[in-house]
Amino acid sequence: TTVFSLIAKPARATNIGSIVQAYCLAAIHQEMAQAGKVAPEGMADYACRCVVDRLKEGTSLESARSACRASTARRYSL
């Protein structure tokens with residue numbers, strides 16, 4: 001194990017998290033716009049942070065999306 005490999009792993013995880021966060025936010029905004037609705041304040045950030053956190057824990061994307069959609073719906077009474 002080199003110093004570079006120890007530093008590179010957290011950096012890659014952060015980059016992937018940022019990419020997932022960006023795509024997630026765009027998807028939520030698009031979905032809400034198509035439904036003719038406005039997302040409650042903080043909802044998109046909450047949902048996308050949930051997905052990123054679950055992916056970092058090793059959860060599959062589909063499981064993360066499903067669990068976070070349900071959690072967000074409960075939290076924001078959707």
Side-chain angles (χ1 to χ4, degrees):
T1 302
T2 66
V3 173
F4 177 75
S5 67
L6 295 174
I7 294 170
K9 286 181 183 178
R12 275 188 240 128
T14 300
N15 289 339
I16 291 169
S18 296
I19 292 167
V20 170
Q21 179 85 8
Y23 276 102
C24 178
L25 289 170
I28 288 174
H29 291 298
Q30 180 180 5
E31 187 176 322
M32 296 301 287
Q34 287 175 342
K37 298 179 180 180
V38 176
E41 185 70 32
M43 186 193 86
D45 288 328
Y46 173 83
C48 294
R49 264 194 321 271
C50 176
V51 170
V52 170
D53 289 347
R54 287 183 182 258
L55 289 175
K56 286 180 181 178
E57 294 170 355
T59 304
S60 73
L61 178 58
E62 193 56 42
S63 293
R65 286 179 62 200
S66 177
C68 293
R69 184 178 291 258
S71 175
T72 301
R74 282 190 306 273
R75 182 179 176 122
Y76 290 92
S77 301
L78 301 175

Set of residues satisfying side chain to side chain donor-acceptor pair (under 3.5 Å) with respect to Ser60, sequence neighbours excluded: Ser63
For the student: nearest non-hydrogen atoms of Leu55 and Ala64, plus distance: CD2-CB, 4.3 Å
ILVMFWY clustering at 4.5 Å (side-chain atoms), partners of Tyr46: Ile28, Met32, Met43, Tyr76, Leu78
Qualifying residues under side chain to side chain contact (heavy atoms under 4.5 Å, CB included), relative to Asp45, sequence neighbours excluded: Gln21, Leu25, Arg49
Interatomic distance, Arg65 atom CZ to Cys24 atom SG [nearest 0.5 angstrom]: 8.5 Å
For the student: nearest non-hydrogen atoms of Cys68 and Ala47, plus distance: CB-O, 4.1 Å
Non-neighbouring partners of Ser66 that pass side chain to side chain contact (heavy atoms under 4.5 Å, CB included), sequence neighbours left out: none
For Arg54, all residues meeting salt bridge (charged side-chain N to carboxylate O under 4.0 Å, His left out), sequence neighbours excluded: none
Partners passing side chain to side chain donor-acceptor pair (under 3.5 Å) against Arg75 (at least two apart in sequence or in another chain): none
